[in-house]
**Student:** 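This is the structure I have questions about; it appears just below.
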Number of protein chains: 2
Amino acid sequence: MPSDVPTRRPPGYDPRDHPPFAVTVDLVVLTVRDDVLQVLLVRRGEEPFAGCAALPGGFVRPGEDLAEAAARELAEETGLHAAPAHLEQLASYGRPGRDPRMRVVSVAHLVLAPGLAEPHPGGDAAGARFVAASEVLAGAPALAFDHAGILRDGVERARAKLEYSALGTAFCADEFTVADLRAVYQAVWGVPLDPRNFHRKVTGTPGLLTPTGGSTARGGGRPAALYRRGPAAQLWPPILRPAS
Amino acid sequence: MPSDVPTRRPPGYDPRDHPPFAVTVDLVVLTVRDDVLQVLLVRRGEEPFAGCAALPGGFVRPGEDLAEAAARELAEETGLHAAPAHLEQLASYGRPGRDPRMRVVSVAHLVLAPGLAEPHPGGDAAGARFVAASEVLAGAPALAFDHAGILRDGVERARAKLEYSALGTAFCADEFTVADLRAVYQAVWGVPLDPRNFHRKVTGTPGLLTPTGGSTARGGGRPAALYRRGPAAQLWPPILRPAS
DNA sequence: CCAAAAGTGTTTGATTTACACCCATGG
DNA sequence: CCATGGGTGTAAATCAAACACTTTTGG
């Protein structure tokens, strides 16, 4: 079908070739709180979708790279100042009509943050809060634009990367126990994991954990050794696999 | 550092918030020919980088979705009409200054095509040809813009996905033998694989191959059974792993 | 018959799984 | 002492690598 299109002209500066696009970044910020995978949502203050829940995000500014814009929006909209444990580009969404105002291409980013992080909405968003991802995926608070699809892709990416990378530790605070890390995997995958085998596996993976020497005692039970994120040189073979 | 910026204003339609961007798609088209992983390059006809090698690509048009634009550019610039075996979004690149003319965000796509495909350059590109990926990665023909980095990301993605998906078959023609598929894996990974174990593994993976019943004899040796791409329902566990 | 490539069987070692068991603390 | 969770040992099952061997063609 492209052969009978009369517009096969050389690429140049004809405005028909590069119509004005707006470029935004949207953020899928995930954390694990109370043993549940949660996603950061804001309440939109303006049309379209005013009052509706949405992923945090905003326009990319003239001098900014995409990742830079994502980091700025994260700080601006949520007050999560501490460097997030992990920020990576997710995918871009540019379906015509996804924003009723104009042609917008959104470059979505995935952020994994420790559960401690408490958002206090900055200037832009009327409200920012963590909500259980499972509920949002089920449609509980409906999301603006095509953010439901973006969230789905982000959760899927997180689940997949946990399997063959050291990213699970990105959900943990600076110091954490093996049980903390196991809670992360269980929350993200939604499956129970054997504590004994989990312990052996993560402590036996070179580069994943760095022991701090300290230990902690929470409630009854033997104190657990504390660890920090390791250099995680070795990604393969898979760290762990969700239950068969 | 974002806290002392005096521009924390609500997002709206202030043109400073959404300056004009151009949005393009760039294509990393990979194939396996003569047991070597190759990438499709075009020669740029215009400034900037006139005469320089580059990845095929072009501007996204007003009514088009991103994947649509990628498919159109593929057909226009290379004449590869047959539906490619696989097309997926790779990543977006928007560093300020990556295009000297204006602010351009490029949404790169990854295309895996059978080795048969012979490009005959369409209207736009002055020339299109397949070049060994290893040479381009080494800098042999220097690429325009930041296309070297995009290519690196594309090859890395292809290598990774071959391991845990059925994508290897995307490089094969409609009907192919197990040896053809093995040649693909060896070319992409650059490692030799045991023919016996490879055979057992791929024929034993449900959904990967559909036997056609036919067989082929090339040169001396026992004829090989022919297969078609299967539904590939099961992606995990990893199909294969590059040599340890 | 011989060479060459396709395909099967078998052996060996690594990895995963399941679970018995010991360790260290609070109450 | 006992409950609770942290951590180690071990045996069975599963999987992967190496390779001997059989099958089916062309010359």
Side-chain angles (χ1 to χ4, degrees), chain A residues 34-35 162-164 168-169 172 175-187 189 191-228 234-244, chain B residues 34-35 162-164 168 172 175-187 189 191-206 208-228 234-244:
Chain A
D34 306 323
D35 294 338
L162 241 57
E163 181 163 348
Y164 56 86
T169 58
C172 294
E175 291 199 334
F176 55 91
T177 68
V178 172
D180 292 334
L181 185 58
R182 180 164 49 88
V184 165
Y185 277 83
Q186 293 183 149
W189 285 341
V191 299
L193 296 170
D194 185 300
R196 288 86 53 107
N197 292 336
F198 183 90
H199 186 278
R200 201 195 335 267
K201 184 81 191 187
V202 297
T203 56
T205 299
L208 182 59
L209 300 179
T210 304
T212 69
S215 65
T216 194
R218 294 192 282 246
R222 171 175 167 176
L226 285 169
Y227 296 89
R228 240 182 271 283
Q234 170 182 347
L235 297 183
W236 296 95
I239 306 286
L240 280 167
R241 196 156 309 171
S244 58
Chain B
D34 306 323
D35 294 338
L162 241 57
E163 182 163 343
Y164 56 86
C172 295
E175 290 198 333
F176 57 91
T177 69
V178 172
D180 293 334
L181 185 58
R182 181 164 49 89
V184 164
Y185 277 82
Q186 293 182 148
W189 285 341
V191 298
L193 296 170
D194 185 299
R196 290 85 55 108
N197 291 336
F198 183 89
H199 187 279
R200 200 196 335 269
K201 185 80 191 189
V202 298
T203 56
T205 300
L208 182 59
L209 300 178
T210 306
T212 69
S215 65
T216 193
R218 294 192 285 245
R222 171 173 169 177
L226 285 169
Y227 296 89
R228 240 183 271 281
Q234 171 181 347
L235 297 183
W236 297 94
I239 305 286
L240 279 167
R241 192 156 313 172
S244 57

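Residue numbering restarts at 1 for every chain, and letters A, B, ... go by the order of the sequence lines.
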**Student:** Take atom NE2 of A:His199 and atom C1' of C:dC21, then tell me their distance rounded to the nearest Å.
**Tutor:** 15 Å
**Student:** Can you spot which of A:Leu181, A:Leu208, A:Thr169, A:Thr203 makes a side-chain contact (heavy atoms from CB on, under 4.5 Å) with A:Tyr227?
**Tutor:** A:Thr203
**Student:** In this structure, how many angstroms lie between the P atom of D:dG5 and the CG atom of A:Asp35, rounded?
**Tutor:** 12 Å
**Student:** May I have the distance from B:Leu226 (atom CG) to C:dA6 (atom P), rounded to whole angstrom?
**Tutor:** 12 Å
**Student:** So if I take every side-chain heavy atom of A:Arg196 and compare against C:dC21, D:dT24, C:dA6, which nucleotide ends up nearest?
**Tutor:** C:dC21
**Student:** Figure out the CZ/C1' separation between B:Phe198 and D:dA16, and round it to whole Å.
**Tutor:** 15 Å
**Student:** Choose from C:dC19, D:dA18, C:dT16 the nucleotide whose nearest atom is closest to any side-chain atom of B:Asn197.
**Tutor:** D:dA18
**Student:** How long is the line joining CG of B:Leu193 and P of C:dA6, in whole Å?
**Tutor:** 14 Å
**Student:** When the nearest nucleotide of DNA chain D is assigned to A:Arg200 and to A:Arg222 on a heavy-atom basis, which residue is associated with the more 5' position?
**Tutor:** A:Arg222
**Student:** With a 3.5 Å cut-off and just heavy-atom distances, do the side chain of A:Arg182 and the base of D:dG6 make a donor-acceptor pair?
**Tutor:** no
**Student:** Working to the nearest 0.5 Å, report the span between OG1 of B:Thr210 and CG of B:Leu226.
**Tutor:** 12.5 Å
**Student:** Which part of the nucleic acid, if any, lies within reach of A:Arg218 when heavy atoms closer than 4.0 Å are counted: base, sugar-phosphate only, or nothing?
**Tutor:** nothing
**Student:** Looking at every non-hydrogen atom in both residues, tell me the closest pair between A:Leu193 and A:Arg182 and how far apart they are.
**Tutor:** O-CD, 3.9 Å
**Student:** Which atoms form the tightest heavy-atom contact between B:Cys172 and B:Val184, and what is the distance?
**Tutor:** SG-CG2, 3.9 Å
**Student:** Rounded to whole angstroms, how far apart are CG on B:Asp180 and P on C:dG7?
**Tutor:** 11 Å
**Student:** Would you mind reading off the distance between B:Asp194 atom CG and C:dT11 atom P, rounded to a whole angstrom?
**Tutor:** 17 Å
